[in-house]
Amino acid sequence: MSEPIPSPTAPDGPVATHCPYCALQCGTRLRAAGHGDAAAAAPVAVEPDDFPVNEGGLCQKGWTAPSLLRAPDRLRTPLVRDASGRLAPVSWPEVLDTVASRLRAIRAAHGPDAVAVFGGGGLTNEKAYLLGKFARLALGTSQIDYNGRFCMSSAAAAGTAAFGLDRGLPFPVTDLAEADTVLLAGANPAETMPPLMRHLGRAGALIVVDPRRTPTARRAALHLAPAPGTDLALALGMLHIAVTEGIHDRDAVDQRTTGFEAAWRHAAAWWPERVERVTGVPVPLQAEAVRMLAGSRRAYVLTGRGAEQHSNGTDTVAGFVNLALALGLPGRAGSGYGCLTGQGNGQGGREHGQKADQLPGYRSIADPRDREHVARVWGVPPGRLPGPGRSAFELLDRLGTEGGPRALLVFGSNPAVSAPDAARVTRRLSALDLLVVADFVPSETARLADVVLPVLQWAEEDGTMTSLEGRVLRRRRAVSPPRGARSELHVLRELAVRLGEPADRYPEEPRLVFEELRRASAGGRADYSGITYERLDAGEALYWPCRHTPDGPAHPGTPRLFLDRFAHPDGRARFQEVDHRGPAETLDERFPLWATTGRLLAHYQSGSQTRRVPELMRAAPEPTVEMHPDTAARAGLAEGDLAWVQSARGRVTARVGLVPTLRTDTVFLPFHFPDGGRANLLTGTALDPRSKMPEFKVSAVRVVPAGHRATRENTGP
Ligand SMILES: Nc1nc2c(c(=O)[nH]1)N[C@H]1C(S)=C(S)[C@@H](COP(=O)(O)OP(=O)(O)OC[C@H]3O[C@@H](n4cnc5c(=O)[nH]c(N)nc54)[C@H](O)[C@@H]3O)O[C@H]1N2
Ligand SMILES: Nc1nc2c(c(=O)[nH]1)N[C@H]1C(S)=C(S)[C@@H](COP(=O)(O)OP(=O)(O)OC[C@H]3O[C@@H](n4cnc5c(=O)[nH]c(N)nc54)[C@H](O)[C@@H]3O)O[C@H]1N2
Ligand code: SF4
Ligand SMILES: [Mo]
C-alpha cells in the first residue's frame, strides 16, 4: 500500500472558508505564511469574511481558531497501545493492517454488529456520508449513530412530525432581523452564536425563556425563567392563553393544519395559574409573551438545547410548535418556527446516513424504496444494507456487554466527556476489545483508545458543510497538514479495502464523494442533487432541497420552506397531542436542587479543541458552578470556594460563582471540562422515548463545600 502523495503547498492569497466550530458557520478568510514544510509550522491569520450570517463579525472562538492548527500536542502519527499499555507511534500501513485484522477477527467471532461506529456533527457532508456507507457496507453493521442524537434530535423528531420535514431553520438567518418579535426557548445565542445577535438585535423584541438570566436574556424585552424541565407546561399554557383570549390565527389553523382539537384538549387544562405553580413564571408574564407574539405581523418561535435536552424534549418542542402553529407563524412569510442547530455540520450530519435509522438524503433505512435507491447508487443489492441500529446512548451503554458491540470506531466526538453519566460511559468504553478514535488532538476519549488515528482538521481539508439555515457551504483547504496526518476519506478507503471492499467504492477526493452524495440524495427529503462544487465556488447561495434539473434551468435551491405547503402528503402541518410531564428525577432531601448544564462563550463542547487555545483558557480556565448567593450561603459556600456538586450518579468539583439573578432552586454547570470537572458525571440516563435524547438539562443535586461530608442541614434550599 503506497503512502499518499504529500500535500501541495498552501496557496498564497487568503482562502475563503468557514469557522470550524458552530452551526452558524461564520465566513472567514485564512492566510497561511510560507510554503511546504515551513508552512506547516507558520502562523495562520484569520479575518472575518463579509458573509451574510456574520457580516464581518466573529466570536472569540472564531478569532482564535487558527491556534488550533498549531496545538502543541497535535496528533502527528498513528498510535497503538503496546504491551506495556502505552500509546506508541506506528506507521500508517501498520496501523491500518492492525485495525483491519482486529476488526475482521471480532466480526468473525461475534458477527458484524459486534463492530460499532460513533460519528459526529462536525464532520463534513462528505465524511459523514462515507462513514455511513463504510459502516453499512465495509463493516456490514447496523450499529452506527452519532453525537447529533445528543444535540438537536428532539427538535428533528418534533419538526418531522409537525411539518413532514426537518430543516433546523426553514428560512435564512437574516430573515430574523425583519421580525417584530422572536421567542427564544432555551437558547443563549449571545454566548453560543454571538454574531446571530446582530440579526436578533434588529428585530423588534426578544422574549427569552431560560431559567438563567443569560447575556441573551439581558437583551430581551421579556425574560421568562421557568424551573428547568417545565417548558412544556409553559408552552401548553401559552397556547391556552392564545385560544382563550381568541388571539390565535383561526384561518391558518383551519386552512393549513390538522389536529388542533386534540392538541387543544390538553392545553385546555393548562390555565395560567396552574402553569405558574409548575413553572414559576408569573401569569402576567405568560400573557404578555403570548400577546407580543400574537400581535406581531412577523414573529418567530425558536428552540435551543434548553428546551430540547429533556426526557420530554420532543414533546416540549412539539408544544412550542403547536403554539407557533396556533399563531399561524409557520408557513407565513417573515414568520416561523425553527431550531437553532448546534454543531458546524449539525444539519448536514443528520442527513447523510450516520444516524442509526437513516440513509443519505434524509432517507429511512427501514423504507424499502429508500433502501433500493441507495443500494443502487452503492452498487449492491438492497439486502446487503443492515436495518436500523441503536441510538447513541443505547449504543454506548451496550459496549463490551453480553451481545453488545466489542469494537467501536469514533470519528468526531469525545463521549468520555460529553455523553450522559460519563463515568458509566467511560467504563463501557474501557470494556471494549478494541476502541479506535480518529481525532487531531488527544481528546479524553482518544486517551482511552487502543488505536488513535491522526486526521486532518478544518483548514487542512476540502468539503462541504450545511449550516443551521440549510445552506450548503464550501470548507476549503488553506494550509498544509502535518506530514503524519491523513484525511478521513483516505482512512476509510484504506480500511474498507483491507476489509475486502473494492477501492473505487470509497473515493478519497471530497468532490467525488460529493458527486456520489448528490446521486444518493436525489429524490430524498434532503435533496442535494442540484448542488455542485462549481455552483458553490461560483458563490451561489444554495439551500436544500435543490434538485438536479437535467432538462431545464438550474434549480435555485430553497431558502424558505413551507410558504405554499408543508411537506406532509396533504400539505398541512400537524398539531401534536402532547401533555406535560416532569423530568425523570424529582427533588428530595438528599438532592434538593436542580442542576442544569450548558455552554460558556469561550469553550466549545467537550472542550477538547478550545481547551488547547491559550486565550480561551485564560477566559474560562476551570469549571464553575453558578448559584444564587442565598443557595450558596445555605450550603456554607462563598464566591470562589471549591464545591462538590453531587447527584445520584456522581460528583463534580467546581468553583462557586455567585449569580444573584439565578433561581434559588437551580445551579448551572458548563460541560466543557475534563476529569473531575465533567458536568456529565452528574447527568442521568433517562432518554426521550421519541428522539432518544438524554436529559442533559435536569439532574437533582446537592452542593456542598469540597471535602465536606454532606448533612441535611447544609444542603436544603
Ligand atoms: N460557546 C459555544 N457555542 C456553541 C457551542 C459550545 O459548546 N460553546 N456548541 C454549539 C452546539 S453543538 C450547540 S447544540 C449550541 C447550543 O446552543 P444553546 O442551546 O444556546 O446552548 P446551551 O447553553 O446548551 O443551552 C441554552 C440555554 O438553555 C438554558 N436551559 C437549561 N435548562 C433549561 C430548561 O429546562 N428550559 C429552558 N427554557 N432553558 C434551559 C441554559 O440556561 C442555557 O442558557 O451551541 C453551539 N455553539
Ligand atoms: N451535560 C451536557 N452534555 C452535553 C450537552 C449539554 O448541553 N450538556 N450538549 C450535547 C451536545 S448538543 C453535543 S453537540 C455534544 C457534543 O459533544 P462531542 O461529541 O464530544 O463534541 P466535541 O467536543 O465537538 O467533540 C468532537 C471531537 O472530535 C474532534 N473533531 C472535530 N472535527 C473532527 C473531524 O472532522 N474528524 C474527526 N475524526 N474528529 C474531529 C474534536 O477534536 C473533538 O475531540 O455534547 C452533548 N453533551
Ligand atoms: S459564532 Fe460559531 S461559527 Fe461564528 S465565529 Fe463563533 S464559533 Fe465560529
Ligand atoms: Mo450540539
Side-chain angles (χ1 to χ4, degrees), residues 20-24 59-61 68 118-124 127 146-152 184-194 208-212 214-217 224-231 234 303-310 316 340-346 392 410-420 422 437-446 453 455-458 461 463 468 488 491 583 594-610 612 626 662 666 668-672 678-680 682-683 693-694 696-699:
Y21 300 116
C22 84
L24 202 56
C59 81
Q60 217 175 0
K61 295 184 299 305
L68 198 55
F118 201 84
L123 302 179
T124 59
K127 296 197 278 189
Y146 79 124
N147 67 7
R149 189 71 77 166
F150 299 158
C151 188
M152 33 26 72
L184 289 162
N188 179 20
E191 290 191 271
T192 55
M193 296 184 180
V208 170
V209 181
D210 195 310
R212 299 188 300 145
T214 59
T216 312
L224 316 185
T230 63
D231 291 68
L234 180 65
T303 59
R305 302 306 84 76
E308 300 164 12
Q309 290 173 324
H310 295 279
T316 299
L340 294 169
T341 294
Q343 298 183 84
N345 196 28
V410 180
F411 286 86
S413 182
N414 187 13
V417 175
S418 57
V437 176
D439 208 314
F440 40 79
V441 289
S443 72
E444 286 65 27
T445 307
L453 303 172
V455 292
L456 307 189
Q457 49 175 318
W458 57 294
E461 62 181 12
L468 78 172
E488 254 144 333
V491 171
W594 295 122
T596 190
T597 63
R599 290 156 170 85
L600 305 176
L601 172 62
H603 285 293
Y604 191 67
Q605 313 274 61
S606 71
S608 61
Q609 297 173 80
T610 49
R612 291 182 159 76
E626 293 182 11
L662 192 57
T666 302
F668 171 84
L669 285 146
F671 76 103
H672 310 299
R678 284 177 291 173
N680 279 315
L682 301 175
T683 50
M693 167 70 84
F696 287 120
K697 290 291 192 262
V698 212
S699 312

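Counting starts at 1 for both ligands and their atoms, in listed order.
- Selection from V208, T316, T596 by nearest heavy atom to atom 32 (N) of ligand 1 gives T596.
- At a heavy-atom distance under 4.0 Å, atoms from both the backbone and the side chain of S413 approach ligand 2.
- Heavy-atom contacts of D231 reach the following atoms of ligand 1: 34 (C), 35 (O), 36 (N), 37 (C), 38 (N) (cutoff under 4.0 Å).
- The ligand atoms of ligand 1 that sit less than 4.0 angstrom from a heavy atom of T214 are 44 (O).
- Heavy-atom contacts of H603 reach the following atoms of ligand 1: 1 (N), 2 (C), 6 (C), 7 (O), 8 (N) (cutoff under 4.0 Å).
- When non-hydrogen atoms are compared, ligand 2 lies under 4.0 Å from neither the backbone nor the side chain of M152.
- From the protein, the heavy atom lying nearest to atom 7 (O) of ligand 2 is K697 NZ, 2.9 Å.
- N188 places no side-chain N or O within 3.5 Å of a backbone atom of T214 that could act as its donor or acceptor partner.
- Every residue two or more places apart in sequence or in another chain was checked for a salt bridge (Lys or Arg N to Asp or Glu O under 4.0 Å) with E191, and none qualifies.
- Applying the salt bridge (Lys or Arg N to Asp or Glu O under 4.0 Å) test to E461 and every residue at least two apart in sequence or in another chain returns K127, R475.
- Polar contact with ligand 2: present for T597 (N/O pair, distance under 3.5 Å).
- Taking only nitrogen or oxygen atoms, main chain and side chain alike, S418 reaches within less than 3.5 Å of ligand 2.
- Nearest non-hydrogen protein atom to atom 33 (C) of ligand 2 is F440 CE2, 3.6 Å.
- A side chain to side chain donor-acceptor pair (under 3.5 Å) with T610 is found for exactly one of Q60, K61, H603, namely H603.
- For atom 1 (N) of ligand 2, the closest non-hydrogen atom on the protein side is N680 OD1, 2.8 Å.
- By the 4.5 Å heavy-atom criterion applied to side chains, E488 and T124 are not counted as neighbours.
- Atom 20 (O) of ligand 1 has N188 N, 2.8 Å as its closest protein atom, hydrogens excluded (heavy atom only).
- Here's the thing with T230: none of its N/O atoms is less than 3.5 angstrom from an N/O atom of ligand 1.
- Using a non-hydrogen distance threshold of 4.0 Å, K127 registers as a contact of ligand 2.
- Counting the atoms of ligand 1 from 1 in the order shown, those under 4.0 Å from a heavy atom of G304 are 19 (O).
- The closest side-chain heavy-atom distance from L234 to L224 is below 4.5 Å.
- Counting protein heavy atoms only, atom 27 (C) of ligand 1 is closest to D210 OD2, 3.2 Å.
- A donor-acceptor pair under 3.5 Å links the side-chain atoms of T597 to the main chain of F696, judged by distance alone.
- Given atom 26 (C) of ligand 2, the protein heavy atom at minimum distance is G412 O, 3.5 Å.
- R678 CZ to T683 OG1: the interatomic distance, rounded to the nearest 0.5 Å, is 10.0 Å.
- Looking at A307 next to ligand 1, no N or O pair under 3.5 Å apart turns up.
- Polar contact with ligand 1: present for G229 (N/O pair, distance under 3.5 Å).
- Within ligand 1, counting atoms from 1 as listed, the ones closer than 4.0 Å to a heavy atom of C22 are 46 (C), 47 (N).
- Closest protein heavy atom to atom 14 (S) of ligand 2: Q605 NE2, 3.2 Å.
- When each atom of ligand 2 is checked for a heavy atom of S443 under 4.0 Å away, the hits are 44 (O).
- Contact check for W458 versus L68: side-chain heavy atoms found under the 4.5 Å cut-off.
- For ligand 2 and C151, the ligand atoms under 4.0 Å from any heavy atom of the residue are 12 (S), 14 (S).
- Of the possible donor and acceptor atoms, none in the side chain of R599 sits under 3.5 Å from a partner among the backbone N and O of H672.
- Counting only heavy atoms of the protein, atom 19 (O) of ligand 1 lies nearest to R305 N, 2.9 Å.
- In terms of polar-atom proximity, Y604 is not counted as a contact of ligand 2, lacking any N or O under 3.5 Å from an N or O of the ligand.
- Of the protein's heavy atoms, P211 CD, 3.2 Å lies nearest to atom 40 (C) of ligand 1.
- Taking every heavy atom of V455 and a limit of under 4.0 angstrom, the matching atoms of ligand 2 come to 37 (C), 38 (N).
- Residue-ligand proximity: V441 is placed with a non-hydrogen atom under 4.0 Å from ligand 2.
- The aromatic rings of Y604 and Y21 sit tilted relative to each other, their planes meeting at an angle between 30° and 60°.
- Contact check for T192 versus C22: no side-chain heavy atoms found under the 4.5 Å cut-off.
- The L601 neighbourhood of ligand 1 comprises atoms 1 (N), with distances under 4.0 Å to a heavy atom of that residue.
- Annotation: atom 12 (S) of ligand 2 to nearest protein heavy atom, R599 NH2, 3.0 Å.
- Proximity of Q457 to ligand 2, defined as any heavy-atom pair under 4.0 Å, is not found for any part of the residue.
- Listed by atom number, the atoms of ligand 2 under 4.0 Å from L123 heavy atoms are 34 (C), 35 (O), 36 (N).
- In this structure, atom 28 (O) of ligand 1 lies nearest to the protein heavy atom G306 CA, 3.2 Å.
- Not a single N or O atom of Q343, backbone or side chain, sits closer than 3.5 Å to an N or O atom of ligand 2.
- The protein non-hydrogen atom at the shortest distance from atom 38 (N) of ligand 2 is E488 OE2, 2.5 Å.
- Of the candidates A187, G342, G607, G344, the one placing a heavy atom closest to atom 46 (C) of ligand 1 is G342.
- Considering backbone and side-chain N/O of A438, one or more are found under 3.5 Å from N/O of ligand 2.
- Within ligand 1, counting atoms from 1 as listed, the ones closer than 4.0 Å to a heavy atom of T192 are 3 (N), 4 (C), 17 (O), 18 (P), 20 (O), 21 (O), 45 (O), 46 (C), 47 (N).
- Applying the 4.0 Å criterion to heavy atoms of S608 picks out, from ligand 2, the atoms 41 (C), 42 (O), 43 (C), 44 (O).
- Between the side chain of T230 and the main chain of P226, no donor-acceptor pair closer than 3.5 Å is present.
- Those atoms of ligand 2 that come under 4.0 Å of a heavy atom in Q309, given as number and element, are 5 (C), 6 (C), 7 (O), 9 (N), 10 (C), 11 (C), 12 (S).
- Residue G598 has at least one heavy-atom neighbour below 4.0 Å for each of these atoms of ligand 1: 23 (O), 24 (O).
- Side-chain contact between R212 and E626 is present, with heavy atoms from C-beta onward closer than 4.5 Å.
- When only interatomic distances are considered, the shortest N/O to N/O separation between L600 and ligand 1 falls below 3.5 Å.
- Inter-residue side-chain proximity for F150 and P420 is flagged as met; some heavy-atom pair is nearer than 4.5 Å.
- The shortest separation from a heavy atom of E308 to ligand 1 is not under 4.0 Å, leaving the residue out of contact.
- Counting only heavy atoms of the protein, atom 42 (O) of ligand 2 lies nearest to D439 OD1, 2.7 Å.
- Every atom of ligand 2 is numbered from 1 in the order shown, and the set under 4.0 Å from a heavy atom of N147 is 18 (P), 19 (O), 21 (O).
- For S606, heavy-atom contacts with ligand 2 shorter than 4.0 Å involve the backbone as well as the side chain.
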